[in-house]
Amino acid sequence: MQIQLKVKGQSEDVVVGIDLGTTNSLVARVVDGEPKVVADRHGRAITPSVISIDEEGHAVVGDEAKTRALLNPAGTLTSIKRFMGRGVDDVTDVAHLPYKIVRADLGEQAAILVHGKKYLPQELSAMVLTEAKKRAERAQNLRIRRAVITVPAYFDDAQRQATRDAGRIAGIDVLRIINEPTAAALAYGLDKGKRGTVLVYDLGGGTFDVSLLKLTDGVFKVIATTGNTRLGGDDFDNAVTDVLVSNLSEEQLDAVRGNPRALSALKTASEQAKIALSSEDETTVAIDFADLGVAIERTVTRADYEVAIAPLLDKTMAAVDFVLEEADLDPEDVDEVVCVGGSTRTPAVRARLEKEFEKPPHTELDPDQVVALGAALQAEMLSGDGDNDQVLLDVTPLSLGIETYGGGVTKLIWRNSPVPIRATEGFTTQVDDQTAVMIHVLQGEREMAKDLRSLGRFTLRGIPAMSAGMPRVLVEYFIDANGILKVTAKEMTSGTKASIEVKPTYGLTDEQVEDMILDSIEHAEEDIEAHILADKKAEAESMLRYSRKALGDHGELVPDAIRTGVEIAIAALEEVLQGDDKEAIEAASDVLNENTAPIASAMMDEVLRVTVHGRTIGDVLGSQGARRKASDIDLSKE
């Protein structure tokens, strides 16, 4: 029997859940079986996701950083999560920001320029994680080494990798990245034996997600998800800002927009007005920018606010309709609706959801804390102290495939497949003595590689020189529980192996993801036709190579009449391959196949003269009824 002794004053090692939010971040842990948010020594449960960096490069984080917004507007950074894993060319929503987004020194990733120095979003997020961790450790004499961190459900590989990197920089072993809707459903106990369909509506400070979850006997599966990483409470603030400045002249508006301090003050006032209008019918905002000669005094009613945010709510409800359609469900098929994120306190949000589903959404838990609470439960389970019967199944939002000869794509993992998931497919070479193959990893729903997003390429080298079609290359796609893709290729004869962990420098916006899905539907018929044409051309070119090779290597076996017929068929197939008539290509291929059949039979007869134990191979195969013509075997692919 082992007895553990804890020395007085020694920090307790704990595993926690962390909600790394756009606006606020929280740390939670399980105490006596119940998840609780960890407050600091001042009783603050929430760490604002704000960093303020002065001209000497010194940074403060959280509440103190928030108070410096007016004194140091260009160096006070908010909503950093919006830029995690994104490319600078993807960042367009910067009009309301008092700081600058620039290109990172390496690659295409977005960086934030502060007092002449560039910071990557993951570096800044690591500062927020460090501050939240430090607060929790000091308050309760804890030592936090391991954590589960949450992300929006629609974060792609690049954004999840950036989140893991932020954790690593903060000195945290990230046990798992889980989706925020998944964490919220855990917090509501929806995994405890309940059955049904749940919609999680997550409207946070800077991101929006909606997910459908199917619950069956403790198995928790996300069946559809979509969202927008550029829609959230910040946009509600911006809508209030637009109301506040609506009476300004163009000259006054330009003066405010060109002044970081004025922008920061306006953002703070707009946020306070938004919060007030969640419980009051109206609020008055008064700001005097004396140095700019601009003064704003405006009474904003809840009706004004609801008109201003109506287009934003319409976007969220369109996403709700989208996931319902994806899952082939109607609103009445949804058993429960869960609200997550501080912006769901807005009465208009709850009213729209209740109208859509004809039932009030769940708001019993604090919408700001519910994600952290669920993450704590998952962290406890992964640490070995929790309920190990719990099963979480998230999904991959887009299909993943590999480019094949001719420009087509073979899908290995389909959209909405539950993760973790592993898929393998066998491929071979198209050219004799080919010793290397390029593996091109693709993402999207279209049928041709040119229409898909490239995630990465790598080369498998060291393949033994063999005839085309002989090597066996096994390609494996594996998406782990964090949604990170690893691709491995192995040539089975030699055992040579290569792999890549897909870490693109920036990710897709969610509008791009939705566009990719819609494009695949709109172009489905033409895509399939293009894929069929590409495959037929690839097969025809392979047949041409082997026909020419047969004429050259086995000329002594080919009578002149047969040779002439084959040469005419080759010329005819080469001619139709210049066009895109797949029926003509197929017909010409059939003619060439018929003309080469006698050569294939002669080659087979020549080979079958080899003897085994005094009998020819032909005798052995013939006795088993298994002899086939070479022309019956497709040598160009597995």
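Position 1 is the first residue of the sequence; numbering continues from there.
For Ser49 and Ser25, the side-chain atoms include at least one donor-acceptor pair closer than 3.5 Å. Side-chain polar atoms of Thr344 and Tyr201 form no donor-acceptor pair below 3.5 angstrom. A donor-acceptor contact closer than 3.5 angstrom links the side chains of Gln122 and Gln109. Donor-acceptor pairing under 3.5 Å is recorded for the side chains of Asn179 and Arg160.
With hydrogens and angles disregarded, no donor-acceptor distance shorter than 3.5 Å links the side chain of Glu131 to the backbone of Val128. Under a 3.5 Å cut-off, the side chain of Asp368 and the backbone N or O of Gly342 do form a donor-acceptor pair. Formation of a donor-acceptor pair under 3.5 Å by the Ser264 side chain with backbone atoms of Arg261 is not found in this model. When atom types are taken as modelled, the side chain of Thr76 and the backbone of Pro73 share no donor-acceptor pair closer than 3.5 angstrom. The backbone N or O of Thr78 sits less than 3.5 Å from a side-chain atom of Tyr99, completing a donor-acceptor pair. Judged by distance alone, the side chain of Asn259 and the main-chain N or O of Val256 form no donor-acceptor pair under 3.5 Å. At least one donor-acceptor pair closer than 3.5 Å links the side chain of Arg298 to the backbone N or O of Val243. No donor-acceptor pair under 3.5 Å is formed between the side chain of Asp235 and the backbone N or O of Leu312. With Glu137 contributing its side chain and Ile144 its backbone, the two residues share a donor-acceptor pair below 3.5 Å.
Applying the side chain to side chain contact (heavy atoms under 4.5 Å, CB included) criterion to Arg146, with sequence neighbours excluded, gives Val15, Asp173, Leu175, Ser383. Looking at residues two or more places apart in sequence or on another chain, you find no side-chain hydrogen bond (donor to acceptor under 3.5 Å, both in side chains) involving Asp202. Contacts of Glu55 classified as side chain to side chain contact (heavy atoms under 4.5 Å, CB included), with partners at least two apart in sequence or in another chain: His115. For Ala255, there are no side chain to side chain contact (heavy atoms under 4.5 Å, CB included) partners, not counting sequence neighbours. Asp40 is linked by a side chain to side chain contact (heavy atoms under 4.5 Å, CB included) to His42, Arg44, Arg135, counting only residues two or more places apart in sequence or in another chain. In terms of the side-chain hydrogen bond (donor to acceptor under 3.5 Å, both in side chains) criterion, residue partners of Thr284 (sequence neighbours excluded) are, by chain and number, Thr299.
One distance of note links CG of Leu263 with OG1 of Thr241; it measures 8.5 Å at 0.5 Å rounding. Between the CG atom in Leu20 and the CG atom in Leu129 there is a gap of 4.5 Å [rounded to 0.5 Å]. Here Ile46 contributes atom CD1 and Leu26 contributes atom CG; the two are 5.0 Å apart, rounded to the nearest 0.5 Å. Taking CZ of Phe478 as the reference point, atom CG of Leu400 lies at 13.0 Å (rounded to 0.5 Å). Atoms CG and OH, on Leu277 and Tyr305 in that order, are 7.0 Å from each other to the nearest 0.5 Å. For the atom pair Phe83 CZ and Leu77 CG, the distance stands at 9.5 Å (nearest 0.5 Å).
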Side chain to side chain contact (heavy atoms under 4.5 Å, CB included) evaluation trace for Val30 with Lys36: CA-CA 6 Å; Val30 174; Lys36 296 181 179 179; over 6 Å; no
Verdict with supporting geometry, His58 and Val60, side chain to side chain contact (heavy atoms under 4.5 Å, CB included): CA-CA 7 Å; His58 302 133; Val60 294; over 6 Å; no
Worked verdict on Val200 versus Asp209 for side chain to side chain contact (heavy atoms under 4.5 Å, CB included): CA-CA 8 Å; Val200 179; Asp209 295 290; over 6 Å; no
Stepwise side chain to side chain contact (heavy atoms under 4.5 Å, CB included) test for Val50 and Val61: CA-CA 6 Å; Val50 182; Val61 181; over 6 Å; no
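In this structure, Glu364 places its CD atom where more than 12 heavy-atom neighbours from other residues, nucleotides or ligands lie under 6.0 Å away. Around NZ of Lys66, the count of heavy atoms belonging to other residues, nucleotides or ligands within 6.0 Å does not exceed 12.
By the 4.5 Å heavy-atom criterion applied to side chains, Ile287 and Leu266 are counted as neighbours. Val151 has its side chain out of reach of Gln159: every pair of non-hydrogen atoms, C-beta onward, lies at least 4.5 Å apart. The shortest distance between side-chain heavy atoms of Val31 and Arg29 falls below 4.5 Å. Contact of the Arg168 side chain with the Val174 side chain is not registered, since no non-hydrogen atoms from C-beta on lie closer than 4.5 Å. No side-chain heavy atom of Thr225 sits under 4.5 Å from any side-chain heavy atom of Leu212. The shortest side-chain heavy-atom distance between Ile18 and Ile172 falls under the 4.5 Å cut-off. Side-chain contact between Lys214 and Val198: absent, with no pair of heavy atoms (C-beta onward) separated by less than 4.5 Å. A 4.5 Å side-chain heavy-atom check between Pro181 and Val340 finds every atom pair outside the cut-off.
Ring geometry, Tyr188 versus His362: the interplanar angle falls from 30° to 60°, so the pair is classed tilted.
Here the closest heavy-atom approach between residue Pro347 and residue Ser278 is recorded as CG-O, 3.4 Å. When all heavy atoms of Val349 and Ser343 are compared, the closest pair comes out as CG2-O, 3.8 Å. A pairwise comparison of heavy atoms in Ala379 and Val16 identifies CB-O, 3.3 Å as the closest pair. Nearest heavy-atom pair across Ser270 and Leu244 is OG-CD1, 3.7 Å. Nearest approach of Ser52 to Asn72, heavy atoms of both residues: OG-ND2, 3.2 Å. The two residues Ser125 and Ile80 have their closest heavy-atom pair at OG-CG2, 3.9 Å.
For the salt bridge (charged side-chain N to carboxylate O under 4.0 Å, His left out) test with Asp234, the passing option among Lys267, Lys274, Lys81 is Lys267; the others fail.
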